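Read the structure below first, then the notes.
Please read these numbers as outputs of a predicted model, since none were measured by experiment. Just so you know, ligand 1 is whichever comes first in the structure, and atom 1 is the first atom listed for that ligand. The residues of the chain are indexed from 1 along the displayed sequence.
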Amino acid sequence: MKTKKFISIILSLSIFMAAGCGSVDTSAQGQSSAKGFTDVASTAWYYGTVTEMAQKGILSGYDDGSFKPGNTITSAEFTTILCRIKGLSPKSAQTSHWSAPLMQAALDAGWYDYDENPPTGEKYDQPIIRQIAVKILMKALADNFSYDYNTESAKMKDFSKLNGRYYDTVLAAYSAGIAGGDNNGNFNPDKPLTRAEACTLIKRAMDKYNTTVSSQPQTEQTTQPAVAQQQTAPVSSEARAGGVSQNGRLKVVGTQLCNESGAPVVLRGMSSHGLQWFPQFVSNEYIKAVGDRGANVMRFAMYTSENGYIQNPSVKSTLTTAVDNTLKNDMYAIIDWHILSDGNPMTYANEAEQFFKEMASRYKDSQGIIYEICNEPNGGISWSGNVKPYAERIIPAIRAIDSDAVILVGNPQWDQDLDSVVSDRLSFDNIMYTCHFYSGTHTQWLRDRVSNAVKNGIPIFVSEWGTSDASGNGGVFADETQRWMEFLSANNISWCNWSLCDKNETSAALIQGSNASDGLSDSELSASGKIVFSYFNK
Ligand code: DCB
């Protein structure tokens, strides 16, 4: 919390004041506004904006009821507000500064360059200067940087002071009506920004680009300065061992899933059941409870058929809520296009392409997303004739938007036709092939296929497996499950178990009446759930 006393500042020269933006406040201090900020007068030019932004929970005031509109805003404060709006996941950082995980995320997202704000943090607490602020704002929120150079540069009397590296973003902001000159027509590129001005800039950009506040990860609440406190979306739990903030964006090296720095990572967690049937188990409480038991990944089965997405597209909002909950809990999230009774992925390839483009646009800045483009191809289809061509269509569509997320690809016979993959693999980087097993049905012969695939350089991810037989029922097959767990562990293979629900079938991990509000105890787990949860950390 800042303790500096508020000094009344005359904001008459606000550079970002739009024409006709209202009267100039010269004596805000002591007047109380409708929202209760003691120093934001209802006649202030920024009154409406500050009030609205505070109501949305994007900025907040200080404990003493003030907002300090004329104070400068620091680099870390300004940038992390945008990180929260966009829901960037915190990253492992070089310093212990409160903002460092999100500043690292902003740097990695390309919002600013290393020298503008080194990750060693020495500039984090300095006032941010206007040209850098506008650049970060535009990188974070703008959907295009279009402008006419002659028109926009002519509007700026002090254009010669603008550093060339900010031409595109600042002139685009001028063109979009987001930034403007002061009363003298100057932009003052090297001057600090005030809190009121920052608020106005962000609001204009959000309005212009129809930005909605993401409900994704936050930094630790306790260490945020007042300016950056989020008042709406629930605040995330701590960084999780093996989670996204620790491992960052994943990549595939050889056959091994690795973290951002190239060290091997194993993800273990739960798959949902069909989201159209069991949405209640992908709540924040359930996901957090699974994470607290040691999992670092969740997979969400969005069925295409059986009253799934094709017939009932609104199930997509269950999916995105589930994914957001997962990221908020610092876990990886797998978006599963769950074909099953429609065993040929080509049947709904158009819908799949559209869907994955939308997901990629939504999550491209998140580090915790894995796309699974077709659950279990099956029926009279082949790898080379159906699934591979499907993958060759969907993967580039995702990559055009989200260039380096890991993508999981299925194969015929419910993800058991690994031999076909070995002889005709895809040519993309950062992909893994799925193998699914059910302990009561799939035994050593399938482990042999996995071993053979890995030996041939095929990266394997077990995105679904069960302790039951292949119907999801029967068993529990504890001995065979143990063989599988030892095998996967020995091979560093990641997995998700089917399924986090309380359906009356063996593979369901929960008993009826489970309640995750206080975590999930063993007594709330089924026979299968008890076994599975005991393997999250092994
Ligand atoms: C997979 C599917 C998954 C299915 C489980 C268990 O299917 F990816 O959706 O889940 O494995 O069968 C089951 C649920 C049931 C639900 C049913 C239909 O547990 O509650 O009624 O889906 O929605 C597999 C996996 C392997 C094999 C066959 C199937 N196999 N299959 O090897 O023969 O036919 O669904």
Do Arg362 and Asp402 sit within salt-bridge range, that is, some charged N less than 4.0 Å from a carboxylate O? no
Quick one: does ligand 1 sit under 4.0 Å from the side chain of His436, the backbone, both or neither, non-hydrogen atoms only? neither
Taking only non-hydrogen atoms of Thr441, do any sit less than 4.0 angstrom from ligand 1? no
Please work out which of Glu505, Glu464, Lys503 has its closest non-hydrogen atom nearest to atom 21 (O) of ligand 1. Lys503
Mark the output for Gln413 as yes if a heavy-atom distance to ligand 1 is under 4.0 Å, and as no if none is. no
Would you sort out whether Phe355 and Tyr309 count as a ring-ring contact (aromatic ring centres under 6.0 Å, His included), showing the intermediate values? CA-CA 10 Å; Phe355 167 78; Tyr309 180 73; 5.4 Å; yes
Measure the shortest side-chain to side-chain distance between Leu250 and Glu260 over non-hydrogen atoms and say whether it is less than 4.5 angstrom. no
Heteroatom distance test (His442, ligand 1): nitrogen or oxygen, under 3.5 angstrom: yes
NZ/NE/NH1/NH2 to OD/OE distance under 4.0 Å, Arg299 and Asp336: yes
Whether Ser471 lies under 4.0 Å from ligand 1, heavy atom: yes
Shortest protein heavy-atom distance from atom 22 (O) of ligand 1, along with the residue and atom involved: Tyr303 OH, 3.1 Å
Taking the six-membered ring for Trp, are His273 and Trp498 closer than 6.0 Å centroid to centroid? yes
Could you tell me whether Tyr303 and Trp277 have their ring centroids closer than 6.0 angstrom? yes
Consider only side-chain N and O atoms of Thr95 and His97, and report whether a donor and an acceptor are under 3.5 Å apart. no
Geometry only, no angles: is Ala470 polar-contacting ligand 1 at N/O separations under 3.5 Å? yes
Can a salt bridge be assigned to the pair Lys288 and Asp330 using a cut-off of 4.0 Å between side-chain N and carboxylate O? no
For atom 14 (C) of ligand 1, what's the nearest protein heavy atom and its distance? His273 NE2, 3.3 Å
If you scan protein heavy atoms around atom 7 (O) of ligand 1, the nearest is Glu376 OE1, 3.0 Å
Do the two ring centres, one from Trp465 and one from Tyr438, sit under 6.0 Å apart? no
Check each atom of ligand 1 against the heavy atoms of His338 and keep those under 4.0 Å away; list them by number with element. 2 (C), 3 (C), 8 (F), 9 (O)
Indicate, as side chain, backbone, both or neither, the part of Asn378 found under 4.0 angstrom from ligand 1 when only non-hydrogen atoms are considered. neither
Ligand-residue contact atoms, ligand 1 with Glu306, heavy atoms, under 4.0 Å: 18 (C), 23 (O)
Ligand 1-proximal atoms of Trp277, by part, heavy-atom distance under 4.0 Å: side chain
Side-chain (Trp111) to main-chain (Thr79) donor-acceptor, under 3.5 angstrom: no
What is the nearest protein non-hydrogen atom to atom 31 (N) of ligand 1, stated with its residue, atom name and distance? Trp414 NE1, 3.6 Å
Out of Trp465, Tyr438, Phe278, whose heavy atom sits nearest atom 5 (C) of ligand 1? Tyr438
